[in-house]
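One structure below.
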Amino acid sequence: MSRLAPLSGFPEWSPAERSVEASVLATLRRVFELHGFGEIETRAVEPLERLGGASEASKEVYVLTRRGGETADAEFGLHFDLTVPFARYVEERQGKLTFPFRRYQIQKVWRGERPQEGRFREFYQADIDVVARDVLPAHLEAEVAVVMARALEALPVPAATMRMNDRKLVEGFYRGVGIADVAGALRSVDKLGKIGPEGVAKELAAQGVGEQAADAILELAKIQSADGSFKEAVIDLWETTPTVEDEDAQRLLGEGIASLVALVESVNAAVPGTAMADLSIARGLDYYTGAVYETTLEGHEDLGSICSGGRYDSLVAGGGFPGVGMSIGVSRLVSRLVSQEIVTATRSVPSAVLVAVIDEDTRAASDGIATRLRARGIPCEVAPAASKFGKQIQYADRRGIPFVWFPAAEGDGEVKDIRSGEQVPADADGWNPPVDDLTVRIERR
RNA sequence: GUGGGCGUAGCUCAGCUGGUAGAGCAUCGCGUUGUGGUCGCGAGGGCCGCGGGUUCAAGUCCCGUCGCUCACCCCA
């Protein structure tokens, strides 16, 4: 029996669940396009050397080779995000694209991780990015966040909170208090919520961060505000903390503060109550150089971030293509909606009507009624067997099909709403179901 | 990659200190000979994940292995 166990981390949905996912994807598309993002799709594979080479991420890359190839060595890897293929796409077409280039991309990505709730090995990401030539205006950091906030607003999900930080701010502050390994320190600070201040302090000590510096950056990480008021707290902390002589650090800190104030305030002006400055947000730090974002849903903080991203100096090696982007973890989001039945489909099949079959000799008449309904855009199916009407009604009921059409010897017969039991004579060229019953709908519980 | 938990019917699970399998739900049939959902009666369905060991005897104990799951790492 368990000979056919599902492959963990490779989600496969039932038709009803898939209709929830499809509806989420359709909503995202609509909102992205409303904001002028055009869609691209890139191939599923990249040359291996493009996929992180020796880095940590590359260990998660699924690798592909051809069975009948000359060697068993991998030639390609499946992409593990949409940023890497997008970067390659831009690099290849830099002469043909017009900048700033804004695109959205909704595709599956693959990561060889240990699966858990909300963590998959094959999953959908929905990305938006804006890439500029040489200079990326600061207001675009706010714009991508606003687009994502509006997209999340348009979905049948609880309220989202977008936490934001700025890498220049953090780097300036960390360097100012004398921390050499900024990335390492930030990785520890990122765990604040999980292991607490004592845990972080322990990790920092292990990294050789002095006690005073550790205290200072822990204090920094506590700072949050729903507007620009975090600025005073950061400056106060800076002024009461012993710092090293480093003009770059000073400058970065100042620029970062100004950027983050502007970002939080303009996102909240557009979508009130969404954005929050949170100076503990870390996000790896690999290529991010400005704004960084993380998003959680109210009541589902345990799921982790469902929409993250940031600003980077250049998408293309060698520089010149600064950009900012965010990515929604569609599968993570959908799996939660489905497993907790936060969102459900009104039925498991598209059919609004089951056309009953009296006996096999008159199946053609039933087919004819179905054809005429379909011609007017009413999804329907014909009963699979001419079993007793009770059985045929049960067939419809089990699938959530709201109407059963009973053909008759003369005329088109009658149509029954099996929820109310109401049954009326009807004409297949004129009868319509209520608008709400025409197609499968997605309902927020 | 590291550590914990769990693998028994389609699903959820029970099976005590070893004695060669059970419930509920689901499915199918009948009661109800062409209008469902309730109710009653009945039926089908199990290499007890896989391999090895201990034993007269293993779903049960031991070892291994695979899978699922949770946590860590990392992240959507």
Side-chain angles (χ1 to χ4, degrees), chain A residues 1-11 14 24 28 52 55-61 79-83 105-128 148 152 160 187-188 190-191 194-195 199 203 281-286 288 292-297 300 302-310 325-336 354 356-359 362 383 385-409 413-423:
Chain A
M1 42 131 301
S2 52
R3 207 150 290 182
L4 273 183
L7 262 185
S8 168
F10 294 88
S14 70
V24 167
L28 295 178
S55 77
E56 274 297 296
S58 73
K59 287 195 287 191
E60 296 192 349
V61 170
H79 55 225
F80 57 85
D81 68 13
L82 299 179
T83 306
Q105 194 170 347
I106 301 177
Q107 285 180 243
K108 282 188 168 172
V109 305
W110 294 267
R111 292 184 193 174
E113 294 188 275
R114 275 277 206 285
Q116 273 173 50
E117 200 204 344
R119 310 183 52 185
F120 300 101
R121 300 197 282 194
E122 176 180 69
F123 59 99
Y124 276 109
Q125 286 199 154
D127 278 38
I128 59 172
M148 283 308 199
L152 292 169
R187 256 197 303 280
S188 296
D190 193 36
K191 297 179 198 164
K194 261 181 194 159
I195 62 178
E203 286 201 11
I281 298 298
R283 306 226 43 75
L285 276 221
D286 39 8
Y288 294 127
V292 288
Y293 323 86
E294 271 186 17
T295 312
T296 52
L297 295 183
H300 300 276
D302 61 299
L303 192 60
S305 175
I306 50 112
C307 177
S308 309
M326 294 182 81
S327 176
I328 293 185
V330 177
S331 301
R332 170 172 291 184
L333 183 61
V334 168
S335 69
R336 174 60 62 102
L354 175 77
V357 174
I358 295 172
D359 53 47
T362 61
S387 39
K388 287 191 281 188
F389 284 168
K391 290 282 169 222
Q392 299 195 41
I393 291 170
Q394 201 171 57
Y395 175 95
D397 189 40
R398 295 250 165 89
R399 290 163 178 73
I401 301 172
F403 293 95
V404 176
W405 193 295
F406 298 102
E414 302 191 334
V415 65
K416 172 180 182 133
D417 182 333
I418 63 173
R419 296 159 300 189
S420 64
E422 189 191 358
Q423 185 167 330

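Order of the sequence lines fixes the chain letters, A, B, ..., with proteins taken first and strands second; residue numbering starts at 1 for each chain. Since this is a predicted model, take the numbers as computed values, not measurements. Worth knowing before you read on, the calculation uses all heavy atoms, side chains too, and leaves out hydrogens, waters and symmetry mates.
Taking the C1' atom of each, B:C30 and B:G67 are spaced 41 Å apart, rounded to whole Å. Here, B:G46 and B:G10 have their C1' atoms 12 Å apart, quoted to the whole Å. With both ends at atom C1', the span from B:U60 to B:U20 equals 12 Å, rounded to whole Å. Between B:U27 and B:G45, the two C1' atoms lie 9 Å apart (nearest whole Å). The gap from the C1' atom of B:C39 to that of B:G44 amounts to 22 Å, rounded to the nearest Å. Nucleotides B:A14 and B:A23 place their C1' atoms 7 Å apart, quoted to the nearest Å. Comparing the same atom, C1', in B:G64 and in B:G19 gives a spacing of 27 Å after rounding to whole Å. The P atoms of B:G18 and B:A58 are separated by 13 Å, rounded to the nearest whole Å.
At the heavy-atom level, A:Tyr395 lies nowhere under 4.0 Å from the strands shown. No engagement by A:Tyr124 is indicated, since no non-hydrogen atom pair under 4.0 Å with the nucleic acid exists. Base engagement by A:Ile418 is indicated by at least one non-hydrogen atom pair under 4.0 Å involving a base atom. As judged by a 4.0 angstrom heavy-atom cut-off over every strand, A:Ser387 is placed among the base-contacting residues. When heavy atoms are screened at a 4.0 angstrom cut-off, A:Gly304 is found touching no nucleic acid atom at all. Looking at heavy-atom distances under 4.0 Å, A:Arg398 makes contact with sugar-phosphate atoms alone, never a base. As judged by a 4.0 angstrom heavy-atom cut-off over every strand, A:Lys191 is placed among residues touching the sugar-phosphate backbone only. Residue A:Val334 is out of contact with every strand shown, counting any heavy-atom pair closer than 4.0 Å.
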Check: Under a cut-off of 3.5 Å for both distances of each Watson-Crick or G-U pair, what dot-bracket string does RNA chain B give, using [ ] for crossing pairs and | for inter-strand pairs?
Finding: (((((((..((((.....[..)))).(((((.......))))).....(((((..]....))))))))))))....
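In this structure, the nucleotide among B:G37, B:U35, B:C74 sitting nearest to the side chain of A:Asp397 is B:G37. Nearest nucleotide to the side chain of A:Glu60, out of B:C73, B:C74, B:G36: B:C74. Side-chain proximity of A:Arg187 to the nucleotides B:C74, B:G36, B:U27 is greatest for B:C74. Among the nucleotides B:C74, B:U35, B:G1, the one closest to the side chain of A:Lys416 is B:U35.
Atom-to-atom, CD1 of A:Ile393 to C1' of B:U32 comes out at 14 Å; the value is rounded to the nearest Å. Distance CD (A:Glu117) to C1' (B:C75): 15 Å, rounded to an integer number of Å. Summarising the geometry, the separation between CZ on A:Arg399 and C1' on B:G37 is reported as 15 Å, rounded to the nearest angstrom. In this structure, CD of A:Glu113 is placed 14 Å from C1' of B:A71, rounded to the nearest angstrom. In this structure, CD of A:Glu422 is placed 17 Å from C1' of B:G36, rounded to the nearest angstrom. Across the protein-nucleic acid pair, A:Arg121 atom CZ and B:C68 atom C1' stand 11 Å apart, rounded to whole Å. Whole-Å rounding puts the A:Glu294 CD to B:C74 P distance at 13 Å. In this structure, the CG atom of A:Asp190 is 10 Å from the C1' atom of B:C75, given to the nearest Å.
Annotation: side-chain hydrogen bond (donor to acceptor under 3.5 Å, both in side chains) contacts of A:Asp417 (sequence neighbours excluded): A:Arg419. For the side-chain hydrogen bond (donor to acceptor under 3.5 Å, both in side chains) test, no residue two or more places apart in sequence or in another chain qualifies with A:Ser335.
Ionic pairing of A:Glu113 and A:Arg121 is not present here: no N-O contact between side-chain nitrogen and carboxylate oxygen is shorter than 4.0 angstrom. Salt-bridge annotation for A:Glu422 and A:Lys416: absent, with no side-chain N of the basic residue lying under 4.0 Å from a carboxylate O of the acidic one. Remark: A:Arg336 engages A:Glu117 in a salt bridge, criterion side-chain N to carboxylate O under 4.0 Å.
Looking at which nucleotide of RNA chain B each of A:Cys307 and A:Gln116 is closest to, the 5′-most match is held by A:Gln116. Projected onto RNA chain B by closest heavy-atom contact, A:Glu414 and A:Ser331 fall at different nucleotides, the more 5' of which corresponds to A:Glu414.
The phosphate of B:G36 has neither OP1 nor OP2 within less than 4.0 Å of any side-chain N or O from A:Lys388. For A:Arg332, no side-chain nitrogen or oxygen approaches OP1 or OP2 of B:C75 to under 4.0 Å. Of the side-chain N and O atoms in A:Lys391, none sit less than 4.0 angstrom from OP1 or OP2 of B:G37. Between A:Gln392 and the phosphate of B:U35, there is no side-chain N or O to OP1/OP2 separation shorter than 4.0 Å. The phosphate of B:C75 (OP1 or OP2) has no side-chain N or O of A:Ser305 nearer than 4.0 angstrom.
With A:Gln392 contributing its side chain and A:Ser387 its backbone, the two residues share a donor-acceptor pair below 3.5 Å. Of the possible donor and acceptor atoms, one in the side chain of A:Arg111 sits under 3.5 Å from a partner among the backbone N and O of A:Phe80. Checking side-chain atoms of A:His79 against main-chain N and O of A:Lys108 turns up a donor-acceptor pair under 3.5 Å. The closest donor-acceptor contact from the side chain of A:Asp397 to the backbone of A:Gly400 lies at 3.5 Å or more, if one exists at all.
Judged purely by distance below 3.5 Å, without hydrogens or angles, the side chains of A:Glu294 and A:Ser305 never pair a donor atom with an acceptor atom.
The base of B:C74 sits within donor-acceptor range of the side chain of A:Arg119, with an N or O pair under 3.5 Å.
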